[in-house]
Amino acid sequence: MDIYSVVDQRRSVRGFLADPVERDVIERVLSAACRAPSGGNLQPWHLYVLTGDPLRALVEKIRGRLTTGNGPDAAEYEIYPPKLASPYRDRRFRCGEMLHESLAIPRSDRAARERAMSRNFEFFGAPVGLFSYLDRAMGSAQWSDLGMYLQTVMLLLHAEGLGSCAQEAWSLYHRSVAEVVAPPEHLMLFCGMSIGYPDPDHPTAMVRTERAPLTDVSTFLGFVEQ
Ligand SMILES: Cc1cc2nc3c(=O)[nH]c(=O)nc-3n(C[C@H](O)[C@H](O)[C@H](O)COP(=O)(O)O)c2cc1C
């Protein structure tokens with residue numbers, strides 16, 4: 001599989017088969033991804049990987065919180081800026097719209113949208129959950145390093161025939177996650193990730209999110225016109 005195909009075909013998977021994933025495969029991917037670059041080679045990522053009982057215990061915890069109306073934890077970081085302007089707002093809206101269309105959820109059906117959102121906290125049925133943490137002492141440059149690591153992980157998972165979905169949604173319940181994974185106090189949860197074999201028949205499997213054209217997001221200087 002050439003690298004352009006891997007980058008092009010990777011997508012956020014939101015419907016998984018229950019088939020287990022071997023620890024060896026996850027270890028191979030996570031250790032290969034450690035070749036991701038980081039400023040000053042800080043490698044500021046720390047990972048927790050869950051399957052089986054710990055994963056089920058976490059899913060149950062959040063289900064309990066959702067059914068008793070025990071709302072999210074105090075945020076440790078803002079997932080989006082409070083006033084998201086165009087074009088970012090439009091892109092965010094469009095990606096939600098595509099997802100809801102695939103699930104045949106009308107825009108007016110708020111309860112169904114919330115149910116779809118709550119699937120985040122079941123790892124979309126995936127047998128493996130990964131949590132990525134960053135030392136609280138780190139700054140925005142190191143958040144970007146962690147992002148590079150996570151994209152490398154997701155590309156390698158795809159090359160292994162696995163699907164993934166990065167999930168900032170988990171940061172809303174960082175205390176419940178901490179009760180299960182018991183991170184040291186100096187670590188802060190960035191996001192979760194669902195990992196497993198994609199269900200090809202899941203209605204969201206056909207979603208291919210759009211991208212802004214390169215001309216909207218880049219400026220070339222000094223090149224000779226072709
Ligand atoms: C850091 C990060 C956090 C994300 N958090 C969530 C999430 O909480 N729930 C979700 O369903 N998708 C989440 N996504 C997936 C994005 O919505 C998705 O990457 C984007 O719409 C582009 O679609 P694609 O990944 O299928 O190409 C996240 C992606 C990233 C990179």
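Quick note: residue numbers are just sequence positions, from 1. Computation of the quantities below employed the complete heavy-atom set of this structure, encompassing side-chain atoms and omitting hydrogens, waters and symmetry-equivalent molecules. Every number for a ligand or one of its atoms is a count from 1 in the order of the listing. Predicted model only: the values in this text are computed from it and were never measured.
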Using the side chain to side chain contact (heavy atoms under 4.5 Å, CB included) definition, which of the options Val177, Val180, Leu187 pairs with Tyr48?
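Going through the options one by one, the only one that passes is Leu187.
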Counting only heavy atoms from other residues, nucleotides and ligands, does the tally under 6.0 Å from OH of Tyr88 exceed 12?
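Not buried by this count: 12 neighbours or fewer within 6.0 Å.
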Any chance CD1 of Ile79 has more than 12 other-residue heavy atoms, nucleotides or ligands included, within less than 6.0 Å?
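Above 12, so yes.
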Nearest 0.5 Å, please: how far is [atom2] in [Y] from [atom1] in [X]?
| X | Y | atom1 | atom2 | answer |
| --- | --- | --- | --- | --- |
| Phe123 | Ile195 | CZ | CD1 | 9.5 Å |
| Tyr77 | His174 | OH | NE2 | 10.0 Å |
| Glu60 | Glu122 | CD | CD | 9.0 Å |

So which protein heavy atom does [atom] come closest to, and at what separation?
| atom | answer |
| --- | --- |
| atom 5 (N) of ligand 1 | Glu168 N, 2.8 Å |
| atom 22 (C) of ligand 1 | Thr209 OG1, 3.4 Å |
| atom 21 (O) of ligand 1 | Cys95 SG, 3.5 Å |
| atom 7 (C) of ligand 1 | Gln167 CA, 3.5 Å |

Mark up the atoms of ligand 1 that fall under 4.0 Å of a heavy atom belonging to [X], in ascending order.
| X | value |
| --- | --- |
| Cys165 | 10 (C), 11 (O), 12 (N) |
| Arg14 | 10 (C), 11 (O), 12 (N), 15 (C), 16 (C), 17 (O) |
| Arg11 | 26 (O) |

How does [X] reach ligand 1, if at all, at less than 4.0 Å between non-hydrogen atoms: by side chain, backbone, both, or neither?
| X | result |
| --- | --- |
| Phe190 | side chain |
| Arg211 | side chain |
| Phe124 | side chain |

Is the distance from the ring center of Trp45 to that of Tyr133 below 6.0 Å?
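That pair fails the under 6.0 Å test.
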Any N or O on Asn120 sitting closer than 3.5 Å to an N or O of ligand 1?
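Yes, since at least one N or O of Asn120 sits under 3.5 Å from an N or O of ligand 1.
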Backbone or side-chain N or O of Ala166 under 3.5 Å from ligand 1 N or O
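Min N/O separation from ligand 1 is below 3.5 Å for Ala166.
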Has the side chain of Gln151 got a donor or acceptor atom that lies under 3.5 Å from a matching backbone atom of Met148?
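Looks like no, no N/O pair under 3.5 Å.
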Could you name the option among Ala116, Ala169, Gly96, Ser12 that has the heavy atom nearest to atom 15 (C) of ligand 1?
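Closest candidate by heavy-atom distance is Ser12.
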Determine the minimum heavy-atom distance between Ser132 and Leu189, stating which atoms define it.
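Scanning both residues, the minimum pair turns out to be O-CD1, 3.6 Å.
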Does ligand 1 have an atom that lies less than 4.0 angstrom from a heavy atom of Arg10?
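Right, Arg10 reaches ligand 1.
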